[in-house]
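Below: one structure, written as structure tokens.
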Amino acid sequence: MGIANFTIEARDGQARAGTLETRRGEIQTPVFMPVGTYGSVKGVTAEELKTVGSQIILGNTFHLMLRPGVEVIEKFQGLHDFMHWDRPILTDSGGFQVFSLADRRKIDEQGVRFQSPIDGSQVQLDPEISMRVQKALGSDIVMVFDECTPFPASHETAAESMRLSLRWAKRSRDAHGDSTAALFGIVQGGMYDDLREESLQGLTEIGFDAYAIGGLSVGEPAEERAKVLNFLQDRLPQDKARYLMGVGKPEDLVDAVANGVDMFDCVIPTRNARNGFLYTSTGVLRLRNQRYQQDERPIEDDCPCYTCQNYSRAYLKHLDKCGEMLGGRLNTIHNLSYFHRLMASMRSAIQAGTFQQFSREFYASREKSPSTVA
């Protein structure tokens, strides 16, 4: 097994505050992982990521194997040196990107064949190739190769998909071998409790360093996602880290932490930053609103980030309107800072035994300003 010792330091209800050990250092949970698809969190440097509080980032196996290619990254002894980042990296297996290809892919027992979105060439991806690529990337946390079950899906379709993912999980475990990188299994099964239970049982029999919850954030209603999390919270191994893939909005993070989840990733804070959506403690500030044209205030008065300490809403609105790349960079710095501070606040509340109060105050602050920050 890889290096992924997980210690729970405090609980408040189902919410957990813990420490995940990796071969490149410890991660305090709950944790949010910025997405660096091509080995870059869009618009920000490694130093800026550290300054805003990033402990770990996510890279994308599918995209990196296509561009720049494994042979390039191997010349730099892995993704860390290539992108100048010395903290842990988690890489997804490529399964979700294959899912998004739709009509360009062909799935069978061996794996997936698809047409490259870059040059149209035929590409093969399977559990063994995914493990080999993630090893070459030097990933500290490796995800098994799986098929992401679509939504909606019939019970029969979800069952076939989940069982294929289980067989691929076993092949991923075998191919991972004695690597010191942690290997996470992924619980699938769509919106069906019996299939989620079958998937989890199969994965725990194979044995993984931690467990992710996949097949969510694919268009399902929030109440369906909550139902799956509620079902799994008492069934997932208590002594292993739990990772909810592809989620989410601040409200989603608070809800999932309340359901015992420890790790998250999503493009929302960075993508929305580039489109003028800025997160604050009272809701979303829509920078393109005319009211901010002469607003001298920072995005948020008590925010310690570089952007809030140095720039006004009016200036950020000006940059956005002119399409200046600096605007996207400054907005990204703020949004990532907000997300990391949100996770740190939840961790502190769990340790203090006040998470329920924190959650109530979090939602109350948004009810006062449900759409646009004043």
Pair Asp108 + Arg113: basic N to acidic O under 4.0 Å: yes

Does a donor on one side chain and an acceptor on the other come within less than 3.5 Å for Asn60 and Asp92? yes

I'd like to check the ring-ring contact (aromatic ring centres under 6.0 Å, His included) partners of Tyr192; sequence neighbours left out, ordered by chain and number. His155

Going by ring-ring contact (aromatic ring centres under 6.0 Å, His included), name the residues that satisfy it together with Phe114, two or more places apart in sequence or in a different chain. Phe62

Quick one: side chains of residues 176-183, donor-acceptor pairs under 3.5 Å with protein atoms, not counting sequence neighbours, listed by atom name and distance.
{"from": "His176", "atom 1": "NE2", "to": "Ala181", "atom 2": "O", "distance (Å)": "2.9"}
{"from": "Ser179", "atom 1": "OG", "to": "Ala181", "atom 2": "N", "distance (Å)": "3.1"}
{"from": "Thr180", "atom 1": "OG1", "to": "Arg23", "atom 2": "NH1", "distance (Å)": "2.9"}

Cationic N near anionic O, under 4.0 Å, Arg16 to Glu9: no

Checking side-chain polar atoms at under 3.5 Å, does Gln28 have a donor or acceptor matched by the opposite partner on Thr19? no

More than 12 heavy atoms of other groups within 6.0 Å of Gln294 CD: no

Looking at Glu156, I'd like to know if its CD atom is crowded, meaning that more than 12 non-hydrogen atoms belonging to other residues, nucleotides or ligands lie closer than 6.0 Å. no

Can you list the residues that meet the side chain to side chain contact (heavy atoms under 4.5 Å, CB included) rule with Asp193, with sequence neighbours excluded? Lys227, Phe231

Would one find more than 12 heavy atoms of other residues, nucleotides or ligands at under 6.0 Å from atom CZ of Arg341? yes

Short side-chain donor-acceptor distance under 3.5 Å, Gln55 and His340: no

Side chain to side chain contact (heavy atoms under 4.5 Å, CB included) filter on Gln201, not counting sequence neighbours, yields Glu205

Can you tell me if Glu300 and Ser281 form a side-chain donor-acceptor pair at under 3.5 Å? yes

Quick check: are there more than 12 heavy atoms from other residues, nucleotides or ligands sitting under 6.0 Å from CD of Glu296? no

Under 3.5 Å, which donor-acceptor pairs link side chains of residues 29-44 to any protein atom two or more places apart or in another chain?
{"from": "Thr29", "atom 1": "OG1", "to": "Gly18", "atom 2": "N", "distance (Å)": "3.1"}
{"from": "Thr29", "atom 1": "OG1", "to": "Gly18", "atom 2": "O", "distance (Å)": "3.2"}
{"from": "Tyr38", "atom 1": "OH", "to": "His63", "atom 2": "ND1", "distance (Å)": "3.2"}
{"from": "Tyr38", "atom 1": "OH", "to": "Arg67", "atom 2": "NH2", "distance (Å)": "3.4"}

OG (Ser199) and CG (Asp194) are apart, to the nearest 0.5 Å, by 11.5 Å

Are Phe339 and Tyr279 an aromatic pair, judged by ring center distance below 6.0 Å? yes

Exceeds 12 heavy-atom contacts within 6.0 angstrom, atom NZ of Lys321: no

Between Glu47 and Thr51, is there a side-chain donor-acceptor contact under 3.5 Å, judged purely by atom types and distance? no

